[in-house]
Protein chains: 2
Amino acid sequence: MECEDFKPNEHKEEMMAVQDTMDVLRGKWKIEVLSSICFYNKRRFSDILNDVNGISNKMLSKELKELEINQMITRTILDTHPVTILYQLTEHGKTLGTIIDNMTEWGKMHRKKIIGK
Amino acid sequence: MECEDFKPNEHKEEMMAVQDTMDVLRGKWKIEVLSSICFYNKRRFSDILNDVNGISNKMLSKELKELEINQMITRTILDTHPVTILYQLTEHGKTLGTIIDNMTEWGKMHRKKIIGK
DNA sequence: CAGAATCCCCTTGGATACTG
DNA sequence: CAGTATCCAAGGGGATTCTG
């Protein structure tokens, strides 16, 4: 965000782009769900439910759906009995890594500065 | 977010950091408000109200308060009649630039890939 | 196992009106 | 000008129960 070289409303496309990114990340549990899947590479519903502390099945279901719609993850049905369902990051999903790294760094810095310690 | 080198719950600090960042950015108008102030360097309430398309005074007031609490902006009261109030980015606020740039880039890429065009 | 269904509360955000 | 106050609707999200 360079601060001298643009006028609001001349940057509609950039604004929209940021909002698009926020839309993908906005849910309360998105990053944690993503992280769980990311770490294990393949992960099942109930596994993620255990990984992400505090999430309910309803919310997990919802977050997974949205992530799938946004093509951040894939959902694979295995023909077992009972069925097993695997969630994995897409290549596109993995490209979020940079942003998440940035947010991690910034968040740490912010905490030191604002929240104290 | 490296995907092979951590276990969930061994990355609590990182998770927390990302959530802290999201907390600062989560509001519907945060980035646009930030952008408005950023461009003009100093900006008044009613100016931002005009810059940010669709925002209500209630929401603007709320977003500004939160941004101030998080020390992203400062609020300066000028002794005029009637009073003038200036909002400006803090140095800390300006450090968000990198993240916003990244989100802009990713959002554009995402739109091309997912939303099509 | 992998959800869907239901109920219910709380927060977000929009619209409008009012104040120092 | 710079907000507050109020009312209201929609959705997010928790807890619990049910199902193929």
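Per chain, numbering begins at 1; letters A, B, ... match sequence-line order.
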Whole-Å gap separating [atom2] ([N]) and [atom1] ([X]):
X: B/Asp51; N: D/dA2; atom1: CG; atom2: P; result: 13 Å
X: A/Leu64; N: C/dA2; atom1: CG; atom2: P; result: 11 Å
X: B/Leu49; N: C/dG13; atom1: CG; atom2: P; result: 16 Å
X: B/Met59; N: D/dC7; atom1: CE; atom2: C1'; result: 13 Å
X: B/Glu32; N: C/dG13; atom1: CD; atom2: P; result: 12 Å
X: B/Ile55; N: C/dT16; atom1: CD1; atom2: C1'; result: 17 Å
X: A/Trp29; N: D/dG13; atom1: CH2; atom2: P; result: 9 Å
X: B/Asp79; N: D/dC1; atom1: CG; atom2: P; result: 18 Å

Quick one: which of [options] gets closest to the side chain of [X]?
X: B/Ile85; options: D/dA2, D/dG14, C/dG14; value: D/dA2
X: A/Lys62; options: C/dA17, D/dT6, D/dG13; value: D/dG13
X: A/Thr84; options: C/dA15, D/dA2, C/dA2; value: C/dA2
X: A/Arg44; options: C/dA15, C/dA2, D/dA2; value: C/dA2
X: B/Phe45; options: D/dA2, D/dG14, D/dC1; value: D/dA2
X: A/Lys58; options: C/dG14, D/dA15, D/dC1; value: D/dA15
X: B/Asn57; options: C/dA17, C/dG13, D/dG14; value: C/dA17
X: B/Ser61; options: C/dG14, D/dG3, C/dA4; value: D/dG3

- prompt: Is any side-chain N or O of B/Arg43 closer than 4.0 Å to OP1 or OP2 of D/dA2?
  reply: no

message: For C/dC1 and A/Tyr87 - does any side-chain N or O of the residue sit under 4.0 Å from the phosphate oxygens OP1/OP2?
response: no

- prompt: Between B/Trp106 and A/Thr95, does any side-chain donor sit less than 3.5 Å from a side-chain acceptor?
  reply: yes

message: Counting only heavy atoms from other residues, nucleotides and ligands, does the tally under 6.0 Å from CG of B/Asn53 exceed 12?
response: no

query: Could you state the interatomic distance from CG (A/Leu60) to NZ (A/Lys65), rounded to the nearest 0.5 Å?
result: 10.5 Å

- request: Remember a base hit wins even if backbone is also touched, and classify A/Arg26 as base, sugar-phosphate or nothing at under 4.0 Å, heavy atoms.
  value: nothing

query: With a 4.0 Å cut-off on heavy atoms, is B/Ser56 in touch with a base, just the backbone sugar-phosphate, or nothing at all?
result: nothing

- prompt: Is a salt bridge present between B/Arg43 and B/Asp51, judged by a nitrogen-to-oxygen distance below 4.0 Å?
  reply: yes

message: So that I can tick it off, tell me whether A/Glu66 and A/Lys30 are bridged by a salt bridge, with the cut-off set at under 4.0 angstrom between side-chain N and carboxylate O.
response: yes

Side chain proximity check, A/Val83 to A/Leu78, heavy atoms < 4.5 angstrom: no

- prompt: If you find the nucleotide of DNA chain D closest to B/Leu86 and the one closest to A/Lys28, which residue's nucleotide is nearer the 5' end?
  reply: B/Leu86

- request: Tell me which of A/Val83 and B/Arg75 sits closer to the 5' end of DNA chain D, going by the nucleotide each one is nearest to.
  value: B/Arg75

message: Go nucleotide by nucleotide along DNA chain C from the 5' end; which of B/Gly54 and B/Pro82 gets its closest nucleotide reached first?
response: B/Gly54

